[in-house]
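Notes follow the structure.
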Amino acid sequence: SDLLCLFIISITSNYAQEKLNPKRLLEMSLADLMNVRVVTASKYSQTIQEAPAIISVITAKQIKERGYQNVAEAISSISGIDIINDHLQYNLGIRGINEGMRAYSRIVKVMIDNVPISFRSSSENFLGDELIPINAVKRIEIVKGPSSALYGANAFLGVINIITKNINQKGQTNIAVSYKAADNLNGYKTEVFTSKKINKLKFYAAVSFSNYDRSGLSPTNIPTKSIYNASDKSQNDIARPLSLFSKLNYSDENLGNFNFLFSYQLLDKHGAFQDWGTLTNRNRISIKNMSFALNYDKMISESLESKIYLGYANGKPTKNNRLEIDNNSSDWIIRDVGYNGYDISAEMKYDFGAKNNLIVGYDITIDDQNLQTFYTEGINIPLQANQGIEYGDTTFINSGIYIEASFNPAEKLLLSGGLRLDLHNIYEDVLNYRFGATYFINDKFYTKLLVGSSFKAPSATQLYTNYIVPCGVIGNRNLRPERANTIDMLLGGKLAKNFKYTLDGFYTIITNKVGLVLPNGLVSNIKPENLSEIHSAGVEVELNHYSHNFTSFINFSYERSIVQSKNLILRDIKQKTELYPGITVKFGADYKIPSAFINIYLEGKYTGARIASQPNSFVFDPVDFRDRRYELNPYFIFDLYLSTYNCKFFNNKTTTFGLKINNLFNADYSFPGFKNYDIPAFRRIFVINFNQEI
């Protein structure tokens, strides 16, 4: 209460009233917002309306006004996206599909300034505090739908491209501190962002470190089961994610433009709710992942632009990584895995009109993979060493050639198309395509038709791994790439002076879908297989309102995804996909009070019922688990954020105070688990933050 009083007094003091101008609002007209420029859809700048993709944008302004702490929080407000949090990593689902156990968002491609940053051994993507300091983000571009014709492997069901901030003429420094408090969550986050410009050289760096204690969470029992009681709680559940990002730019009219990027992510959390060792209280998953990238581009002529990209990436567990499968503290499991990745690409873009261009490119990726192997500590023999699992080092080589074209054959019509061939030395070669047409009906309305294909490559850990626990997950050398074909139809525009909307319908067919095959009553291992086909259809509607002091949005998603597979007697069965809610409704409202310099933001999310994971349905009904599955209850949560804006208390530099309450009404809900329980979500959380520009 004292902190809240101090917060209110500080923003209404006479000093503030004298120093501040309440009319200095960060405003954008509706026309400006409809014409926000993006680069992910076609690799060059164009408006959201023109882009041949279903694309959403979260801006730095929205991140600041809504109090988002990381990328996962920001993109969770987008229609067609659902996130499961097992308190180790965020597992993103999109348009009715979630990849399931240990997937960790690998069904999308995540990039920072067009540079892929996945942990390549497993293709997983970090989305939490460990990904990038949030103050370094200029905007987040989210493409829903296939993008492999442009970005190759793993741009499967979408792309998330984090565009970092530009460096202004004067440079700037920001320091941000936040503190979280809840029944089962206490800790802090610190973040520093600094930039500098010296003649033609621009530099900035950002670092973020968090330290949270999440102890005291209890597993949620499966319906009709009482496996866990109130005393079964996580202990010593500490999270210490670290993120570093830096960018160096040199531009010269004659030499061209050089961009050097460095990204470092450290995932360091005690995983209390992992399928191999629940509540052992000594699990520690500590993985470092880093990348270096050099981008060079130069205008050869007024119409011809060239780009060259060189990259190096490396990732592996740190010495602190420790997997505990039981309560015996005398031994533990060592995870030996990692990679060194080398990337080279070259691209030419030729413009032959205002909105007519041709892009041709070639890239090659070489990943030296240290195949995942689990050992008992002190015993240098792999678990399950005698069952034909491959160990050691293997080189993965992927080369791709692509062509992309955009045409403006008529004033109101834009056409685009692309084709890409990927060649790989481990799994089969893949050809992908896409076609897009955008038609501007009039000044207010436009429509899009999009058709495309994509693929997700089997990761090294899916192809090669031994188990952690007996009857655990092992690799399958014979996996094939998952394939997707999607058609989208979108209608968008302005309903009135301050309202814009989009209405999108999609249909996706996924073949060679990888799933985990459970043991069939015998002592055997769980193995990934290309075992099903998914037909997914849905509708996504979004309405946005903008005025001087008030902005709001509401979106609605309905997805129905049917998986076709075979049961134990090879009979075809059809059923709804698990883990993903069929209906979601999300809304947000932002209101500014100029006289008090306060910004108020309220966000709500309704998440419909989800079908439980197959491992949990097996516990629920071991006899008929493929047909008799239980559902997790729907839930509605609200977040409230109060913050200052345009305040300049120190040296005429911007100061921001914020108070956020996540899960305002203390809703009790759970995420799907993958063992014999579901994963508890946090209840009400208080977040206090302070951001000072220096």
Side-chain angles (χ1 to χ4, degrees), residues 25-28 32-48 51 53 55-78 109-117 125-143 159-176 191-197 202-208 243-251 257-265 291 293 295 297 551 590 599 643 645 654 656 689 691 693-694:
L25 302 177
L26 296 174
E27 299 178 3
M28 294 181 73
D32 292 332
L33 288 160
M34 291 184 68
N35 290 284
V36 169
R37 303 193 74 83
V38 294
V39 297
T40 308
S42 297
K43 288 194 172 183
Y44 63 90
S45 179
Q46 57 192 160
T47 68
I48 287 181
I55 187 166
S56 301
V57 175
I58 299 291
T59 66
K61 178 175 180 287
Q62 291 170 327
I63 290 171
K64 182 178 180 180
E65 291 175 344
R66 299 176 184 183
Y68 295 140
Q69 293 278 302
N70 53 48
V71 171
E73 287 187 13
I75 64 177
S76 66
S77 64
I78 301 297
K109 191 158 199 162
V110 178
M111 303 185 293
I112 298 177
D113 289 336
N114 297 312
V115 177
I117 45 80
N125 291 295
F126 303 153
L127 294 176
D129 290 354
E130 64 280 347
L131 173 56
I132 187 172
I134 200 67
N135 277 331
V137 176
K138 179 180 181 181
R139 67 181 183 274
I140 306 170
E141 299 181 6
I142 305 103
V143 173
V159 172
I160 298 170
N161 193 11
I162 301 159
I163 309 300
T164 59
K165 289 179 178 177
N166 298 322
I167 302 165
N168 61 31
Q169 294 293 325
K170 297 181 180 180
Q172 67 181 83
T173 298
N174 281 83
I175 297 176
E191 187 170 312
V192 178
F193 170 89
T194 185
S195 65
K196 188 72 174 177
K197 183 178 184 295
K202 300 177 182 178
F203 169 80
Y204 81 66
V207 59
S208 170
S243 177
L244 299 170
F245 181 79
S246 64
K247 181 164 67 173
L248 181 67
N249 171 263
Y250 178 83
S251 297
N257 187 43
F258 297 84
N259 271 299
F260 177 80
L261 307 176
F262 170 70
S263 177
Y264 178 88
Q265 297 106 27
S291 62
N295 286 295
D297 63 89
T551 65
D590 183 274
N599 188 84
S643 64
Y645 72 98
T654 302
T656 302
N689 61 49
N691 188 304
E693 181 182 309
I694 298 176

Mark yes or no for whether [X], through its side chain, and [Y], through its backbone, hold a donor-acceptor pair below 3.5 Å.
X: Glu73; Y: Val71; result: no
X: Ser291; Y: Ile117; result: no
X: Lys247; Y: Lys165; result: yes
X: Glu65; Y: Gln62; result: no
X: Asn161; Y: Asn114; result: yes
X: Glu191; Y: Asn135; result: yes

Review point. When the ring centroid of Phe193 is compared with that of Tyr204, is the distance short of 6.0 Å?
Key: yes
Find out whether [X] and [Y] are in side-chain contact, i.e. whether some heavy atom of one side chain is under 4.5 Å from a heavy atom of the other.
X: Ile162; Y: Leu131; answer: yes
X: Arg139; Y: Ile58; answer: no
X: Asn249; Y: Ser251; answer: yes
X: Lys138; Y: Asn166; answer: yes
X: Ile140; Y: Ile163; answer: no
X: Ile132; Y: Val137; answer: yes
X: Ile160; Y: Lys109; answer: no
X: Thr656; Y: Lys64; answer: yes

Distance check, rounded to the nearest 0.5 Å: [X] atom [atom1] versus [Y] atom [atom2]?
X: Asp297; Y: Asn259; atom1: CG; atom2: CG; answer: 7.0 Å
X: Phe260; Y: Ser246; atom1: CZ; atom2: OG; answer: 6.5 Å
X: Tyr264; Y: Glu130; atom1: OH; atom2: CD; answer: 12.0 Å
X: Phe245; Y: Leu261; atom1: CZ; atom2: CG; answer: 5.0 Å
X: Thr40; Y: Gln46; atom1: OG1; atom2: CD; answer: 10.0 Å
X: Ile134; Y: Asn70; atom1: CD1; atom2: CG; answer: 6.5 Å

Exercise for review: With side-chain contact (heavy atoms from CB on, under 4.5 Å) as the test, would you mind laying out the steps for Ile48 and Val57 before giving the verdict?
Suggested key: CA-CA 9 Å; Ile48 287 181; Val57 175; 3.7 Å; yes
**Study point:** Pair Tyr68-Ser76, side-chain contact (heavy atoms from CB on, under 4.5 Å): steps then yes or no
**Key:** CA-CA 10 Å; Tyr68 295 140; Ser76 66; 5.6 Å; no
Point to revise | Distance-minimising heavy-atom pair for Asn689 and Gln69 | key: ND2-NE2, 4.2 Å
Practice item. List the atom of Met111, the atom of Val159, and the distance in Å for their closest heavy-atom pair. Key: CE-CG1, 3.6 Å
Flag for [Y]-[X]: side-chain donor and acceptor within less than 3.5 Å:
X: Ser195; Y: Lys202; result: no
X: Arg37; Y: Thr47; result: no
X: Ser243; Y: Ser208; result: no

Exercise for review: Give the intermediate values and the outcome of side-chain contact (heavy atoms from CB on, under 4.5 Å) for residues Lys196 and Thr194.
Suggested key: CA-CA 7 Å; Lys196 188 72 174 177; Thr194 185; 6.0 Å; no
Practice item. Please list, chain by chain and in numerical order, all residues satisfying side-chain contact (heavy atoms from CB on, under 4.5 Å) with Phe258, sequence neighbours excluded. Key: Tyr250, Leu255, Tyr296
